[in-house]
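Provided herewith is a single structure, encoded as C-alpha cells, for subsequent inquiry.
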Amino acid sequence: MVSNFIRQIIEADNASGKHGGKVVTRFPPEPNGFLHIGHAKSICVNFGIAKDYGGVCHLRFDDTNPVKEDVIYENSIKEMVEWLGFTYQPNLFHASDYFDTLYAFAEHFIERGLAYVDSQNAEEMRAHRGSFEKPGVNSPFRDRSVDENLTLFREMRDGKHADGAHVLRLKIDMASPNMNLRDPAIYRIRHVEHQRTGNKWCVYPLYDYTHCISDAIERITHSICTLEFEAHRPLYDWVLARLVESGKLPSPSPQQIEFARLNINYTVMSKRKLLELVETGAVNGWDDPRFWTLAGLRRRGYTPGSIRLFAERTGASKAHQWVDMADLEGALREDLDPVAARAMVVLDPIRVVIENWPEGKTEECSAPVHPKDETRGRRTFQFAREVFIEREDFMETPAKGFFRLTPGAEVRLRYGYIIKCERLEKDASGKVTTIYASYDPATKSGTPGGRNVKGAIHWVSKSDGLQAEVRLYDRLFTVENPDDQPGDYKDYLNPNSLVKVNAWCEPSLRNAEPGQSFQFERNGYFTPDRVESKRGVLVFNRAVTLKDGWKP
RNA sequence: AGGGGAGUCGCCAAGUGGUAAGGCACCGGAUUUUGAUUCCGGUAUGCGUAGGUUCGAUCCCUUCCUCCCCUGCCA
C-alpha cells in the first residue's frame with residue numbers, strides 16, 4: 001500500500017486516539033448526473049481508505065437541490081458503486097434525512113444572533129458582496145432582531161413567501177478575504193417537490209451548511225473531497241465549531257481533507273460538456289463506449305478491477321493530475337490478461353484458398369482457452385480449404401523485419417498448419433482479394449519434432465466461422481486537452497473514434513455474453529455489447545488493443 | 001485588501017535535515033506457435049528559480065517565476 005498525505009493524517013489520528021481509532025469516510029454525490037472515471041477515483045479513495053483502516057464508507061446523496069436532482073441518477077450511481085465492487089449497505093444516507101435537524105439548527109443560529117433573514121434579491125446580494133480586492137458591505141437587513149428573523153424564517157418554511165423573496169444567511173464577516181465567509185446563504189426558498197421529502201419543505205439548505213452537519217451527524221472522521229473546496233473549509237469548521245460549543249454536535253468534528261481531482265487527456269469530463277455531446281448526437285447516449293462515464297466504460301469492456309487498479313496507481317495528492325489515457329488502458333490489459341478467454345477473430349478479412357487441401361474436407365484444431373491455465377480447457381475449430389486472415393498480416397512487398405505472410409514465404413496459421421503464399425488475385429483497384437496458398441501436411445500444430453517458422457498469425461475458417469459486428473473505438477478527441485484549444489472543444493472531436501467492421505470469429509464465441517471479456521488473439525480485449533449483442537447477432541466492443549511492439 | 005493551494009524523471013508518486021522509493025511508459029536482453037504475456041537488466045549528480053542557514057538542504061529561511069481554485073439563492 002502506497003503512503004499518501006491522507007493516510008498520514010489518518011495514521012496520526014489513530015496514533016493520538018483522536019477518533020478512538022475509528023475511520024469513517026463518505027462518498028457524497030449529488031444525484032444530478034452520471035458518474036464518470038473521476039468519481040470512480042473518489043469512490044476508490046473513500047471506500048479504499050475505509051477498508052484499509054478497518055472502517056466504513058457511507059454513501060450519502062447530497063440531495064439539497066430538488067430542481068436539479070432525480071432518482072434515475074441516484075439509481076445509476078448506486079448501480080455503479082456496486083459494480084465497482086464496493087458495499088455501502090447498511091450505510092446509505094441522504095442529506096434530506098437531516099432536513100429536520102438542519103432546520104432546527106438554523107433556528108438555533110438565529111437565536112444566537114448568528115443568522116439572519118436577508119430580503120435583498122440576488123443582484124443586490126452580489127453587489128454587496130464586494131470583490132476579491134474590495135470588502136463587502138453589510139446587508140441592510142443584517143441587524144434584524146432575533147424575533148423578526150425567527151418569524152420570517154418560519155414564514156419562509158410555511159410557504160408564506162415566494163421563491164427568492166428571502167434567504168437565510170449566516171452572520172460571519174462581510175469583509176473576510178475568503179468570499180465564503182461573507183455571510184453565506186444557508187437556506188433558500190424553492191416551491192418545488194423533493195424526490196424524497198415530497199412537499200414537506202419549501203425551504204432547502206445549501207451545500208456548505210448541509211455538508212458539514214451531515215458529516216458530523218454521521219460521525220464521519222475524515223471528509224475527503226476535491227481541491228476546489230479548500231476555501232470552503234473555514235466555513236465547514238466555523239459551522240461545526242458553533243454547534244459543538246453549544247452542545248448540539250459531538251466533538252471531535254470531522255476533518256475535511258482535499259485532494260486533486262483526476263483529469264485524463266483526450267477527453268472532457270464536465271457534466272455540462274458530457275450532456276452537450278449526448279444532446280448534439282456526437283456520441284450515442286451516456287453509456288457510449290467512447291465516454292469515460294462509468295456506464296460507458298463498463299459497456300466498452302472495462303472491468304471494475306482495472307478501474308480500481310488505475311485509481312490505486314494514480315494515487316492521491318494535492319498536485320494537479322493530468323493522467324495519460326494510456327495508463328487506464330494499461331490497467332485494463334493487466335487486469336484482463338490473466339483471466340480473459342482467448343479467441344481468434346479476423347477483423348479485416350482477406351480470403352485465403354489452400355489449393356492442396358481437399359475441397360469439402362475439414363479437420364479439427366484446438367487451442368487452450370487460456371495459454372497459462374490448462375484447467376480452463378480447450379476450444380476447437382475447423383481447418384478448411386478456405387480461411388480468412390487479417391489483411392495487415394499480409395504484405396506483397398514486405399517491409400524490413402516483417403515476418404508474417406508474404407509472396408513465396410511461409411507463415412503458421414496458429415494452432416493449424418504452416419502455409420505458403422503461392423499467388424495473388426487482385427481487383428481492378430489493385431487490392432488483394434484472394435491469396436492462393438499451399439499447406440505442409442507435416443506441420444500440424446502440436447506435431448512432436450515438427451518444424452516451425454518465425455511467424456504465426458490468427459485465422460478463421462469459412463466452414464465454421466461466425467460473422468459478427470465489431471466496434472473499434474479510438475480516443476474521442478484528437479487533442480490532449482480539448483478545453484484548452486482555440487475555438488470550441490467540439491471542433492476537436494475525432495471523426496474516427498468509432499469504426500464498425502464485419503469480422504469473422506471462431507465458433508467458441510457463439511454464446512458470448514455481455515460481461516464476459518475475451519482476448520482476440522493478437523488484436524486486443526473485446527466484450528459483447530450489453531445493449532445490442534444477442535445470441536445469433538453478435539456485436540463486440542473493443543475495450544483496448546494489445547500492445548504492439550512491431551515497428552517497420 | 002485580496003485570500004487559498006500546487007510545482008520531485010515523459011505521466012503519476014514517495015521521501016520532508018543525513019546524501020533521490022515505487023508504478024506506468026521507454027530502452028536493452030531471455031523465453032514465447034499472440035511482434036502479447038512473463039522474466040531479467042537499464043533509465044533524475046537531480047527535486048520550479050535565485051540566494052541564505054547548516055558539517056550536510058528536495059526538506060528550514062528569503063526572493064522571484066509558473067499553474068490552479070474562490071465574488072451561485074449550484075454541489
Side-chain angles (χ1 to χ4, degrees), chain A residues 2-5 28-30 32-33 62-65 67-69 95 118 120-122 125-127 129-136 163-169 175-182 184-190 203-204 206-208 210-211 225-234 258 260 262 265 271 309-310 312-327 330-331 333-334 337-338 342 344 367 371-372 401-404 411-416 418 443 445-446 450 452-458 519-524 545-551:
Chain A
V2 182
S3 170
N4 64 45
F5 78 103
E30 182 186 15
N32 73 339
D62 231 326
D63 56 348
T64 57
N65 189 358
V67 309
K68 288 188 172 180
E69 296 151 7
D118 195 347
Q120 299 181 103
N121 61 36
M125 272 182 64
R126 189 179 324 119
R129 190 154 31 232
S131 68
F132 293 142
E133 291 77 27
K134 284 201 303 256
D163 286 7
H166 310 283
V167 65
L168 185 69
R169 292 228 256 174
S176 172
N178 183 340
M179 302 300 272
N180 297 120
L181 263 21
R182 317 244 268 224
I186 61 171
Y187 263 93
R188 78 297 221 182
I189 303 170
R190 288 283 181 277
V203 290
Y204 294 98
L206 278 93
Y207 168 83
D208 283 305
T210 307
H211 201 84
C225 62
T226 43
L227 251 25
E228 67 268 28
F229 292 101
E230 256 170 336
H232 294 244
R233 186 169 4 110
E258 312 86 13
L262 171 72
N265 55 17
K271 276 176 190 165
L309 178 61
F310 172 72
E312 186 183 315
R313 279 184 180 166
T314 53
S317 72
K318 300 193 74 143
H320 294 84
Q321 295 191 327
W322 202 271
V323 179
D324 278 346
M325 197 179 78
D327 289 359
R333 293 190 189 101
E334 187 164 326
D337 178 68
R342 310 285 130 127
M344 292 201 290
K372 292 185 178 172
F402 185 80
F403 52 74
R404 280 110 96 163
V411 77
R412 173 173 291 283
L413 295 186
R414 207 160 144 71
Y415 312 119
I418 291 173
T443 58
S445 183
N452 215 353
V453 291
K454 174 92 171 144
I457 63 175
H458 57 98
Q519 186 198 90
F520 291 179
E521 299 192 29
R522 303 207 312 130
N523 265 320
T545 61
L546 241 37
K547 217 157 71 171
D548 186 358
W550 186 61
K551 296 171 220 71

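As a basis for the values below, the full set of heavy atoms in this structure was taken, side chains included, without hydrogen atoms, waters or symmetry mates. What you see is a predicted model, and the numbers here were worked out from it, not measured in a lab. Below, chains carry the letters A, B, ... as their sequence lines are ordered, and counting in each starts from 1.
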- prompt: How long is the line joining CZ of A/F403 and P of B/rU32, in whole Å?
  reply: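 The distance from CZ of A/F403 to P of B/rU32 comes to 13 Å, rounded to the nearest Å.
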message: Among B/rG7, B/rC11, B/rG23, which nucleotide has an atom closest to any side-chain atom of A/A319?
response: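 Out of B/rG7, B/rC11, B/rG23, the nucleotide with an atom closest to A/A319's side chain is B/rG7.
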Of A/A260 and A/P135, the one whose closest RNA chain B nucleotide lies more 5':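 With A/A260 and A/P135 compared, the 5'-side residue is A/P135.
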- request: Treat primed atoms plus P, OP1 and OP2 as sugar-phosphate and everything else as base, then score nucleotides 70-75 of chain B 5' to 3': B for base contact with protein heavy atoms under 4.0 Å, S for sugar-phosphate contact only, - for none.
  value: BBSBSB
- request: With C1' as the reference atom in both, quote the distance from B/rU62 to B/rU71 in angstrom, rounded to an integer.
  value: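 Comparing C1' positions in B/rU62 and B/rU71 gives a spacing of 32 Å.
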query: Taking atom P in both B/rA13 and B/rC27, what distance in whole Å separates the two?
result: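 So the two P atoms sit 24 Å from each other.
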message: Is there, by distance only and without an angle test, a donor paired with an acceptor across the side chain of A/R404 and the base of B/rG35 below 3.5 Å?
response: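 Donor-acceptor pair under 3.5 Å: yes.
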query: Using atom C1' of each nucleotide, how far apart are B/rG22 and B/rA14 to the nearest Å?
result: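 B/rG22 and B/rA14 have their C1' atoms separated by 7 Å.
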- prompt: So what does A/G446 hit on the nucleic acid, given a heavy-atom distance under 4.0 Å: a base, only sugar-phosphate, or nothing?
  reply: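 Base: the residue A/G446, judged by heavy atoms under 4.0 Å, touches a nucleobase.
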- prompt: Could A/R342 and A/D337 be called an ion pair, given the rule that one side-chain N must be under 4.0 Å from one carboxylate O?
  reply: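 Between A/D337 and A/R342 there is a salt bridge, with a charged N closer than 4.0 Å to a carboxylate O.
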query: Taking only side-chain nitrogens and oxygens of A/Q321, does any of them come within less than 4.0 Å of OP1 or OP2 of B/rA13?
result: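 True: A/Q321 side-chain N/O within range (under 4.0 Å) of B/rA13 OP1/OP2.
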field: Value in whole Å for how far the P atom of B/rU32 lies from CD of A/Q519
entry: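 To the nearest whole Å, that distance equals 19 Å.
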- prompt: How close or far is atom C1' of B/rU37 from atom CG of A/D548, stated in whole angstroms?
  reply: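 It is 14 Å, rounded to the nearest whole Å.
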query: Would A/R414 and A/E521 pass as an ion pair if we require N to O under 4.0 Å?
result: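 The answer is yes: the pair qualifies as a salt bridge.
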message: Expressed as a whole number of angstroms, how long is the span from A/H320:NE2 to B/rC69:P?
response: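 From A/H320 NE2 to B/rC69 P: 7 Å.
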- prompt: Starting at CG of A/N4 and ending at P of B/rG22, how long is that distance when rounded to a whole Å?
  reply: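 It is 18 Å, rounded to the nearest whole Å.
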message: Distance check, P atoms only: B/rG42 and B/rA50, in whole angstrom units.
response: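 Rounded to whole Å, the distance is 31 Å.
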task: Name the orientation of the base relative to the sugar in B/rG72: syn if the glycosidic angle is within 90° of 0, else anti.
output: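 Syn.
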- prompt: Of the candidate nucleotides B/rC26, B/rU33, B/rA6, which contains the atom at the shortest distance from the side chain of A/R414?
  reply: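 In terms of side-chain proximity for A/R414, the closest of B/rC26, B/rU33, B/rA6 is B/rU33.
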task: Could you tell me which non-hydrogen atom of A/D62 sits nearest to which non-hydrogen atom of A/E30, and how far apart they are?
output: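 Here A/D62 and A/E30 meet closest at O-CG, 3.5 Å.
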task: Carefully, step by step, assess A/D63 and A/N32 under the rule side-chain contact (heavy atoms from CB on, under 4.5 Å).
output: CA-CA 9 Å; A/D63 56 348; A/N32 73 339; over 6 Å; no
- request: Locate the shortest heavy-atom distance separating A/P234 from A/L181; write the atom from each residue and the value.
  value: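 Looking at all heavy atoms of both residues, the shortest contact is CB-CD2, 4.0 Å.
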query: Using atom P of each nucleotide, how far apart are B/rU63 and B/rG17 to the nearest Å?
result: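 Those two atoms are separated by 22 Å.
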task: Once you apply the 3.5 Å cut-off to both distances, tell me the Watson-Crick or G-U wobble partner of B/rC60, or none.
output: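 Pairing partner: B/rG52.
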Phosphate contact (B/rG2 OP1 or OP2) by A/K134 side-chain N/O below 4.0 Å: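 For B/rG2, OP1/OP2 do not have a side-chain N/O of A/K134 under 4.0 Å.
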task: Might you work through the side-chain contact (heavy atoms from CB on, under 4.5 Å) test for A/V67 and A/Y204, ending with a clear yes or no?
output: CA-CA 11 Å; A/V67 309; A/Y204 294 98; over 6 Å; no
message: Applying the Watson-Crick and G-U wobble criteria at under 3.5 Å, what pairs with B/rC39? Answer none if nothing qualifies.
response: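 Base partner found: B/rG29.
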query: With sugar-phosphate meaning primed atoms plus P, OP1 and OP2, does A/G401 contact a base, only sugar-phosphate, or nothing at under 4.0 Å between heavy atoms?
result: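 Here A/G401 touches the bases of the nucleic acid.
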message: Using whole Å, what does the distance between atom P of nucleotide B/rU32 and atom CG of A/D337 come to?
response: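 Rounding to the nearest Å, CG of A/D337 and P of B/rU32 are 18 Å apart.
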Nearest non-hydrogen partners of A/N452 and A/I418, listed with the distance: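 Here A/N452 and A/I418 meet closest at CA-CD1, 4.1 Å.
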message: So, does A/R333 get its side chain near the phosphate of B/rU37, meaning an N or O under 4.0 Å from OP1 or OP2?
response: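 Indeed not, no polar side-chain atom of A/R333 lies that close.
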message: Counting only side-chain heavy atoms from C-beta out, which of B/rG23, B/rU34, B/rU38 sits nearest to A/K372?
response: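 Output: B/rU38.
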message: Using side-chain contact (heavy atoms from CB on, under 4.5 Å), reason through A/N178 and A/H232 one step at a time and then give a plain yes or no.
response: CA-CA 9 Å; A/N178 183 340; A/H232 294 244; over 6 Å; no
task: Please determine, for the side chain of A/P371, which listed nucleotide (B/rA6, B/rC68, B/rU34) has the closest atom?
output: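 The nucleotide sitting nearest to the side chain is B/rU34.
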field: B/rC67 - base-pair partner by Watson-Crick or wobble geometry, distances under 3.5 Å
entry: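 For B/rC67, the partner nucleotide comes out as B/rG5, under the 3.5 Å rule.
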task: Measure distances between side-chain N and O atoms of A/R342 and base N and O atoms of B/rU34, and say whether any donor-acceptor pair falls under 3.5 Å.
output: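 Such a pair exists between side chain and base.
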- prompt: Can you check side-chain contact (heavy atoms from CB on, under 4.5 Å) on A/H211 and A/T64, steps first, answer last?
  reply: CA-CA 10 Å; A/H211 201 84; A/T64 57; over 6 Å; no
field: Minimum heavy-atom distance between A/V167 and A/A185, given as atom pair plus value
entry: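 Here A/V167 and A/A185 meet closest at CG2-CB, 3.5 Å.
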field: Between B/rA13 (C1') and A/K318 (NZ): distance, integer Å
entry: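 Result: 16 Å.
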- prompt: Using a cut-off of 4.0 Å on non-hydrogen atoms, how would the nucleic acid contact of A/F402 be classed: base, sugar-phosphate, or nothing?
  reply: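 Contact class for A/F402: base.
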- prompt: So, is A/S445 near the phosphate of B/rU33, with a side-chain N or O under 4.0 Å from OP1 or OP2?
  reply: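 No, outside the criterion.
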Nearest-angstrom distance, C1' atom, B/rC40 to B/rA57: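 Approximately 36 Å lies between the C1' atom of B/rC40 and that of B/rA57.
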field: Separation between the P atoms of B/rC39 and B/rG4, rounded to whole Å
entry: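 About 49 Å, rounded to a whole number of Å.
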- prompt: How many Å lie between CZ on A/F520 and P on B/rU34, as a whole number?
  reply: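 So the CZ-P distance, A/F520 to B/rU34, works out to 19 Å.
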task: Using the C1' atoms only, state how far B/rU16 lies from B/rC70, rounded to an integer number of Å.
output: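 Rounded to whole Å, the distance is 29 Å.
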